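Below: the structure, in C-alpha cells.
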Amino acid sequence: MHAFDVLGDPVRRRILELLLADGEKTSGAVSAVIQEEFGISQPAVSQHLRVLRDGGFATVRPEGARRLYAVNLDPLRDIDAWLERFRRYWTPHLDALATELARGKRERRLRDPGEAPRQGDTR
C-alpha cells in the first residue's frame with residue numbers, strides 16, 4: 001500500500017498523532033480514544049493499527065499480554081523528502097501571509113494604542 005493511501009484515512013492519521021504525542025501506547029489505550037472519537041469498533045481500530053504496522057508507519061512490541069505501539073519515523077521522513085520538491089511553491093506564499101498578518105497587527109497597535117491585546121495576539 002502506498003504511503004499516501006495509508007495516511008489518507010483520518011483514523012490512521014489520528015492514531016499516528018496519538019502515538020507521536022504520547023510515545024508508546026497499548027492497543028487498548030489507542031482503541032479507547034479512537035472508539036470515542038470516531039465511533040468505530042475495537043476490531044476496526046485493530047485493522048487500522050495493522051495497516052499502519054504493515055505500511056511501516058507503526059511498530060509493535062509485546063509486553064506480556066499487551067501490545068505496545070509506537071511510530072516508526074522512517075516512512076514519515078520519506079514523505080517529508082518527497083514533499084521537499086513542492087515546498088518552493090507554497091513557502092513564499094506562507095511567508096508573505098505571515099508578513100501581512102504581522103503588518104496588520106502592527107497597524108492596529110499603532111492605530112489603537114490603548115486597546116488591550118487579544119488572546120493569541122503577539123504585540
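Note that the structure is a prediction, hence the values are computed from the model and not measured.
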List the atom of N72, the atom of G56, and the distance in Å for their closest heavy-atom pair. ND2-O, 2.9 Å

I'd like to know whether D9 forms a side-chain contact (heavy atoms from CB on, under 4.5 Å) with V51, so could you lay out the CA-CA distance, the side-chain angles of the two residues, the decisive distance to 0.1 Å, and finally the verdict. CA-CA 10 Å; D9 188 281; V51 170; over 6 Å; no

Verify the neighbour count for atom CD of E100: are there more than 12 heavy atoms of other residues, nucleotides or ligands below 6.0 Å? yes

Tell me if the CZ atom of F86 is crowded by more than 12 foreign heavy atoms within 6.0 Å. yes

Nearest-0.5 Å distance, CG of residue L19 to CG of residue L49: 7.5 Å

Step-by-step side-chain contact (heavy atoms from CB on, under 4.5 Å) determination, E63 to T26: CA-CA 9 Å; E63 186 179 83; T26 64; over 6 Å; no

Cluster question for you: counting only ILVMFWY and a side-chain heavy-atom cut-off of under 4.5 Å, with indirect links fine, are L110 and L101 together? no

Is the shortest side-chain N to carboxylate O distance from R12 to D5 below 4.0 Å? no

Could you give me the CA-CA distance, side-chain angles and deciding distance for I34 and L18, then say whether side-chain contact (heavy atoms from CB on, under 4.5 Å) is met? CA-CA 9 Å; I34 298 301; L18 291 170; 3.9 Å; yes

Between Q35 and S41 the two heavy atoms that sit nearest each other are NE2-C, 3.8 Å

Please say whether more than 12 non-hydrogen atoms of neighbouring residues, nucleotides or ligands are located less than 6.0 Å from CZ in R106. no

Could you give the distance from CD (E84) to OG1 (T91), rounded to the nearest 0.5 Å? 7.5 Å

Between P92 and R88, which heavy-atom pair has the shortest distance, and what is it? CD-O, 3.2 Å

Under the ring-ring contact (aromatic ring centres under 6.0 Å, His included) rule, what pairs show up with a residue in residues 32-61, not counting sequence neighbours? none

Between L20 and L73, is any pair of side-chain heavy atoms under 4.5 Å apart? yes

Can you establish whether the number of heavy atoms outside R13 located under 6.0 Å from its atom CZ is more than 12? yes

Could you report the tightest heavy-atom contact between G55 and P75, atom names first, then the distance? O-CG, 4.5 Å

Which of these passes side chain to side chain donor-acceptor pair (under 3.5 Å) with Y69: R53, R61, K25? R53

Looking at every non-hydrogen atom in both residues, tell me the closest pair between S31 and V45 and how far apart they are. OG-CG1, 3.4 Å

Hey, is R77 close enough to D74 for a salt bridge, meaning N to O under 4.0 Å? yes

From the options L68, V60, V71, select the one residue that forms a side chain to side chain contact (heavy atoms under 4.5 Å, CB included) with E24. L68

